[in-house]
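First up is the structure itself, then whatever we jot down about it.
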Amino acid sequence: KEMASCVAPALRAVFSRLRSSSARVLPELVQHGRVFGVRPAIFQRPMSITVEPDERTEEQFGGGVNADADYSSVIDESELSSPARPFDSKVSVVNDMISTGTTGRLFGIVHVATRQYKITKGDIIVTDKLSCNPGSEIYLNKVLLVGASDFTLIGTPLLRKDVVRVRATVIEQTKTAKVLSFKFKKRKRYRRRVGHRSCITLVRINDIVVQPNLKEGIPGEKLDLD
């Protein structure tokens, strides 16, 4: 009893000091989120966000849109029914260049025997074998593109036959240089040597003829005017 009577005042003094110190230190720890299990005050209360109207809206859009106004006079119905096509404005220029012969040197891309070739007047191309006699004149109808220094006609995928035709002459029917193939198996006495020559046709491009009959508004045809 004597010991308890001596220790009790000391314990009360210690607990009172701890209470006073915790009352001062605990709010600071809670404010910085350093106490486990206790959320800071900023997270304890709900947050609300207020969106203010943009003052630049009316100035940017010229005073806004009036729902009661009549905008029928602003829109031209003829423009909606027949929109402007950049192709139409360039057709007459290209037709004049073709008719007067001021196109310059023409080039084109043709499709011959499953391959495509870029050609111009006077070129000689080597294709797979064609069923034509040497010296015969042929027309390459599968033309993908024709162009000059100022314009380009692009087919989708081919150009019309009444617009462009490529005239060519078959020069020679011949074969390529021999390609050797050698097979060998060691310790089997197996050796095979085989040669192969592919049949080819030499074709000279005589002329690229473009007719000045480009029509306005034809679908499937593109015109690029530089």
Please output the side-chain donor-acceptor pairs of residues 194-207 that fall under 3.5 Å, not counting sequence neighbours, one pair per line with the distance.
from	atom 1	to	atom 2	distance (Å)
His196	NE2	Ser198	OG	3.1
Arg197	NE	Thr176	O	2.9
Thr201	OG1	Leu130	N	3.0
Thr201	OG1	Gln173	OE1	2.7
Asn206	ND2	Thr169	OG1	2.5

Table please: side-chain donor-acceptor pairs of residues 110-120 below 3.5 Å, with sequence neighbours left out.
from	atom 1	to	atom 2	distance (Å)
Tyr117	OH	Val126	O	3.2
Thr120	OG1	Arg105	NE	3.2
Thr120	OG1	Leu106	O	2.8

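Qualifying side chain to side chain contact (heavy atoms under 4.5 Å, CB included) partners for Ser131, counting only residues two or more places apart in sequence or in other chains: none. The side chain to side chain contact (heavy atoms under 4.5 Å, CB included) check on Asp162 picks up Arg160, Asn213, with sequence neighbours excluded. With sequence neighbours excluded, the residues forming a side-chain hydrogen bond (donor to acceptor under 3.5 Å, both in side chains) with Thr100 are Thr102, listed by chain and number. Every side chain to side chain contact (heavy atoms under 4.5 Å, CB included) that Lys186 has, sequence neighbours left out, goes to Phe184. Applying the side chain to side chain contact (heavy atoms under 4.5 Å, CB included) criterion to Arg193, with sequence neighbours excluded, gives Leu180, Phe182.
Atom-to-atom distance recorded for Asn95:CG and Leu214:CG is 4.5 Å, nearest 0.5 angstrom. In this structure, the separation between OG1 on Thr103 and CD1 on Ile208 is 10.0 Å, given to the nearest 0.5 Å.
Through ILVMFWY side-chain contacts below 4.5 Å, Val209 is grouped with nothing and stands alone. Other members of the cluster containing Tyr190 do not exist, because no ILVMFWY side chain is joined to it at under 4.5 Å.
Put simply, the side chain of Phe107 reaches to within 4.5 Å of the side chain of Leu145, judged on heavy atoms. Leu158 places a side-chain heavy atom less than 4.5 Å from the side chain of Leu144. Here the side chains of Val210 and Val146 are in contact, with some heavy-atom distance below 4.5 Å. Side-chain contact between Val170 and Asn133 is absent, with no heavy-atom pair separated by less than 4.5 Å.
The cluster map of Ile, Leu, Val, Met, Phe, Trp and Tyr, joined by side-chain heavy atoms under 4.5 Å apart, puts Tyr139 and Val166 in different clusters.
When all heavy atoms are compared, the tightest approach of Lys161 to Arg165 is O-CG, 3.4 Å.
Evaluation of the salt bridge (charged side-chain N to carboxylate O under 4.0 Å, His left out) test over residues 123-142, restricted to residues two or more places apart or in two chains, returns Glu137-Arg167. Residues in residues 175-184 take part in no salt bridge (charged side-chain N to carboxylate O under 4.0 Å, His left out) pair, two or more places apart or across chains.
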